[in-house]
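Quick notes on the structure that follows.
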Amino acid sequence: MHIPTLRENPAEADAPSHQLLLRAGYIRQLMSGHYSLLPLAVRVRSKVISIIREEMARIGSQEFSLPTMHPAEIWQRSGRWDTMGDEMFRLRDRKGAELALGMTHEEIFASLAVELNSYRQLPQMWYQFQTKLRDEPRAKGGLLRTREFTMKDSYSFDLTQEGLDHAFDLHRHAYLRIFARLGIPVIPVEASSGSMGGSTSTEFMCPADVGEDLVAYCPACGYAANIEKATSHLERVSDTAGSPEPERFATPGVRTIDDLASNFDAPANRQIKTLVYVLDGKLSLLLMRGDHTLAEQKLADATGAGTLRPARPEEIQEALGALPGSLGAVGVTALPVIADEALRGRMDMFTGANSDGAHLRGVDVDRDLAVGIWADLREVASGEPCVRCEQPLEVQKAIEVGHIFKLGDKYSKALGVSVLDTDGSPTTLIMGSYGIGVERAIASVVECHHDDKGIVWPMSTAPFEVVIVIAQQDDAPTAEAGERIYQRLLAAGVEVIVDDRTERVGVKFKDAELVGIPLRVTVGKRGLADGTVELTSRVTGQTDRIGVDEVAEHVRKVVESAK
C-alpha cells in the first residue's frame, strides 16, 4: 500500500492537521489550495461520507449528483453572477458561452424543482456530494481552506414557513449526530447568511486554535454566535447636554483615539470614530464609538452591499478634505452616513472636524449628524456581558464545519419554482440550504485527535481499525503467524492492515502511531513462544497480552464497543 510517511514537518505546513496529514502519507499538494488524497485519505473520506449519507437517509433526504460546470444564465437569474465576485471561477467555452465552476448549487437544485407542480409532492429534501471550486484569496491550513473540495450540500423545498422550520430542525439534529459520530465537538452558533441570503442561519463551530472564525460563547446560558453576528449587553452611558453647537478646537499631531483620549480629556467611549468605506462603489461614512471595533460582515448585512472595502487615503482626502485621524460626519450631507446603535442618543461627544489637526467637542448625535442607517455594527469582545443573561462572554477561535440556512423564496422566486396549493393557487416554494465540507471535516477530526506521536483517529473515521505489526518478518514462523491472525481478523469483519515490511520493529511502531490506526496487534517471537500477542490502544497506550486463538474475537468486540 502506498503510505509515504515523512519524518519531519514540511516547511509549508502550518496547522497540526496539515502537518500530520502530509507526514502520515494521507495527502500531497498539487498547487496552492489543491490536494491529492492518497489511499489512506480516500478510506477516511469514504467513512465520513458514509456517516453523513446514513444521517441524511435517516431524515428522508434523497441523493442526487449535479454538474459542477454551470451556465452563467442561471446565476444571472438569481442575481449572484455579480455578487459572488472574484471567488467564482468563470470561463468561456469554444462557442463563447459564459460558464461558472460551481461554488454551491442553490440555483441548480432550484432548476430541478420547477418540475414539482402540486403541494401533494411536498415536502422534498435533496442532497449530493459534489466538488466545489472557489478561488480563495488565502488558501491555507491544508484541507481546512482549499480551492477545490467536496461538499455535502442539501436543500429542502416546502410550501410554508412552518415546513421550512421543520426541515431546518431535522438538519440541525442530523448535523449534531454526524459530528458526534465523526468525533468533532461542535457548538451551534447564530451566524450571518452572507451572500446566501435568507432569514436565519446556524453554523456548527469546532473550537480550535487554528480556526479562522471567532465565536462569542456564554458558558452561563449557552448563547453562542459567530463574531460576525454576535452582540452583547451594552450599558447605557449617561450624558449631560453639551454646548449649543459643536465647538472646534486644535489637536495638532492627534491621529488616533488614544491620542485624543490622553491629551484632551476625551475618553474613548465619548468619541465618535469615523470610518470611510466604499460600498458597492459608493463612498460612505461609518460611525462607531471610539472604543468599539467594526464587524465588516455586520456592515454588509445591514446595507446589503455586495462588495465593500476601506476607502483609500486619496479618496478620503478628496471627499472630506482631511486624512484619517481628523474625520467626522458633522455637516456632511453629500455622503451616506451609517451609525452603530451604541451612538444613538449620545450627547456631548468628540469627533474629527474634517480638517487635519482639528476636532469638535460638544457633538449631539441626534442634532448634529444626518444618520441614514442605524445598525448593530460593533464586534463584541471577550468579557462583555451576554445579551441574554449578562454574564461574561468568552471569545474563542473555531473552525466552521457545517452551515445551515433558511433561504426563504430568494432562489425559488428568481427561478420560478412554484406549485399549486390546496385551493389550486400557484405558491412559490420556500427553500433551505445545508452544507458540510467533507475534507474540512477530515482535517477537523485530526485537529481534535492527535498527540506528539501523530494522528489518533476515532474508530468511526480511521482508515483501518487494526494494524498488525510483525516484529520479525524474516522469521518464517512469526511471519506465518502474523498472516494467520490477519486472515482471521478479516474473516471476523475487522478492517485490518498488516505491516509485513522488513523494517525494524521500532520504525513500524512509529509509522503506526503517526498514521493513527486505533489498535495495534504486535506479533513477535517472544510472545508466540507462550501463545500470546500484544494488543495496544493508540488512544491510551495501554498494552494487553491476548491469546493467539482468542485475538480475532477479542479485537472484534473491542472495535464494536468503540464505534
Side-chain angles (χ1 to χ4, degrees), residues 34-35 37 41-42 44-71 74-75 77-78 80 84 87-89 99-116 121-134 143 146-158 164 167-168 170-175 177-179 181-182 193 195-198 201-204 400-407 410-412 414-415 417 429-442 461:
H34 298 263
Y35 285 85
L37 303 187
V42 169
V44 174
R45 180 179 179 273
S46 177
K47 295 279 191 76
V48 172
I49 287 175
S50 292
I51 288 172
I52 296 172
R53 183 175 278 131
E54 287 170 14
E55 295 298 339
M56 288 296 99
R58 183 172 171 180
I59 63 172
S61 195
Q62 304 161 77
E63 186 168 359
F64 286 58
S65 182
L66 277 55
T68 300
M69 187 177 292
H70 307 158
I74 198 167
W75 286 83
R77 288 175 63 189
S78 73
R80 292 206 295 177
M84 279 303 190
E87 287 191 8
M88 178 181 279
F89 284 103
L99 305 167
L101 300 181
M103 301 173 62
T104 181
H105 278 70
E106 282 75 18
E107 287 85 351
I108 316 307
F109 269 97
S111 73
L112 295 177
V114 297
E115 293 192 60
L116 300 171
Q121 297 170 284
L122 300 175
Q124 291 284 341
M125 290 190 294
W126 301 345
Y127 79 99
Q128 67 169 347
F129 294 95
Q130 184 55 279
T131 301
K132 311 292 184 186
L133 295 113
R134 299 179 183 177
L143 299 185
T146 59
R147 304 202 304 170
E148 179 179 356
F149 57 95
T150 309
M151 179 177 283
K152 187 289 299 178
D153 49 323
S154 54
Y155 304 86
S156 60
F157 300 88
D158 289 278
L164 171 60
F168 190 86
L170 284 175
H171 278 85
R172 187 181 191 277
H173 292 301
Y175 275 35
R177 292 192 298 270
I178 287 166
F179 295 125
R181 292 179 64 184
L182 293 178
S193 296
S195 62
M196 294 286 285
S201 77
T202 297
E203 288 174 329
F204 295 82
E400 177 195 333
V401 290
H403 203 163
I404 58 179
F405 303 83
K406 292 183 180 180
L407 297 177
K410 173 179 177 177
Y411 301 95
S412 50
L415 294 163
V417 183
L429 294 190
I430 298 174
M431 291 177 61
S433 176
Y434 318 89
I436 294 176
V438 174
E439 287 82 15
R440 181 178 287 193
I442 293 171
T461 52

Problem set entry | CA sep, side-chain torsions, deciding dist, call: T146, H34, side-chain hydrogen bond (donor to acceptor under 3.5 Å, both in side chains) | CA-CA 6 Å; T146 59; H34 298 263; over 6 Å; no

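Contact detail for S412 and M431: the closest heavy-atom pair is N-SD, 4.0 Å. Closest of all the heavy-atom pairs between A110 and V417 is O-CG2, 3.2 Å. Across Y127 and S61, no two heavy atoms sit closer than the pair CD2-OG, 3.3 Å.
Two rings, from Y155 and W126, have their centers 6.0 Å or more apart.
Under the rule for a side-chain contact (heavy atoms from CB on, under 4.5 Å), the partners of K47 that lie at least two apart in sequence or sit in another chain are E495. Residues satisfying the side-chain contact (heavy atoms from CB on, under 4.5 Å) test with A100, not counting sequence neighbours, are W81, M88. Every residue meeting the side-chain contact (heavy atoms from CB on, under 4.5 Å) condition with S111, not counting sequence neighbours, appears here in chain and number order: I74, I108.
In this model, a donor atom of one side chain and an acceptor atom of the other lie less than 3.5 Å apart for T150 and R45. Defined by atom type and a distance below 3.5 Å, a donor-acceptor pair is present between the side-chain atoms of H403 and S201. Counted by atom type alone, Q130 and D153 present zero donor-acceptor pairs between their side chains at under 3.5 Å. Using modelled atom types, one finds a donor on one side chain and an acceptor on the other under 3.5 Å when comparing S156 with Y434. Between the side chains of Y411 and R77, no donor N or O sits under 3.5 Å from an acceptor N or O. Side-chain contact check for E106 and T104: at least one donor-acceptor pair (N or O, by modelled atom type) lies under 3.5 Å.
In summary, E148 and R134 do not engage in a salt bridge, as defined by a charged side-chain N under 4.0 Å from a carboxylate O.
Aromatic ring pairs are classed by plane angle as parallel below 30°, tilted from 30° to 60° and perpendicular above 60°; the pair H70 and W75 is parallel.
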